[in-house]
Amino acid sequence: EAEVAQSPRYKITEKSQAVAFWCDPISGHATLYWYRQILGQGPELLVQFQDESVVDDSQLPKDRFSAERLKGVDSTLKIQPAELGDSAMYLCASSRLTFPSYEQYFGPGTRLTVT
Amino acid sequence: DAKTTQPNSMESNEEEPVHLPCNHSTISGTDYIHWYRQLPSQGPEYVIHGLTSNVNNRMASLAIAEDRKSSTLILHRATLRDAAVYYCILKQNSGYSTLTFGKGTMLLVSP
């Protein structure tokens, strides 16, 4: 069964350093999502791509976060500089299309700890 | 976005049925009702979704009230592997709709 791949699984970084996360969605899935999940809360959408285009980045802190999906396949989420409050689980998900009847498939996530 | 209300936690015994409630009194006519679950240290996993009619799949059943203001996720025989946080989410039928997660219901299953 196809899965969403994410790397690294765990990342520890110091405050003010740069960090990057990678996501490879299920083959053929046009829509890709990045979520952030703080411990004890549900995931929160950061950015949504349709193919290579950003269609929703309203909750992305653009002063320090950036995301790209250059060829409409895999994607990278970057934080520069990292802050203590960025410690969280970063989840990537994909779906065939954005229609409400389509489910999203989530990867295992990257656990980020900022010290 | 229309909001959902779920109990913070529920408990069940293994091999017994579990009914997880969700209230969504402000649901619009075209909102889909989605359920996802998140096992410890994993990403969320799709469980089931529906619009108006009750739905069944290999994981669970979804019972939707006639007025659509509430729904119930039914696990027919809980196992220890069903212990997870269950999220009830309304997904809009417009544009690039996505999932807005609340805090969900933490299901505890005892042997």
Does [X] [atom1] have over 12 foreign heavy atoms under 6.0 Å away?
X: Glu52(A); atom1: CD; result: yes
X: Ile12(A); atom1: CD1; result: no
X: Glu3(A); atom1: CD; result: no

Answer with yes or no whether the hydrophobic clustering places [X] together with [Y]; edges join I, L, V, M, F, W, Y residues whose side-chain heavy atoms lie under 4.5 Å apart.
X: Tyr33(A); Y: Val73(A); answer: no
X: Tyr90(A); Y: Ile26(A); answer: no
X: Leu107(B); Y: Ile74(B); answer: no
X: Leu112(A); Y: Val4(A); answer: no
X: Leu39(B); Y: Met106(B); answer: no

Which atoms of [X] approach chain B - backbone, side chain, both or neither, heavy atom under 4.5 Å:
X: Gln37(A); result: side chain
X: Tyr105(A); result: neither
X: Pro108(A); result: backbone

Check your understanding: Is there a side-chain contact between Leu99(B) and Tyr35(A), using heavy atoms and a 4.5 Å cut-off?
Key -> yes

Practice item. Test Thr98(B) against every option in Leu45(A), Val55(A), Thr31(A) by the side chain to side chain contact (heavy atoms under 4.5 Å, CB included) rule and name the one that passes. Key: Leu45(A)

Practice item. Let me know if Leu51(B) has heavy atoms under 4.5 Å from chain A in its side chain, its backbone, both or neither. Key: neither

Practice item. Identify which of Phe101(B), Tyr46(B), Tyr87(B) forms the greatest number of heavy-atom pairs closer than 4.5 Å to chain A. Key: Phe101(B)

Practice item. Pick whichever of Gln42(B), Glu45(B), Gln38(B) has the most heavy-atom pairs under 4.5 Å with chain A. Key: Gln38(B)

**Study point:** Among Arg111(A), Gln41(A), Gln104(A), residue most engaged with chain B (heavy-atom pairs, under 4.5 Å)
**Key:** Gln104(A)

Check your understanding: Most heavy-atom pairs under 4.5 angstrom with chain B, which of Gly109(A), Pro43(A), Gly42(A)?
Key -> Pro43(A)

Study note, to complete from the structure: Closest non-hydrogen contact found for Gly43(B) with Leu91(A) is CA-CD2, 3.8 Å

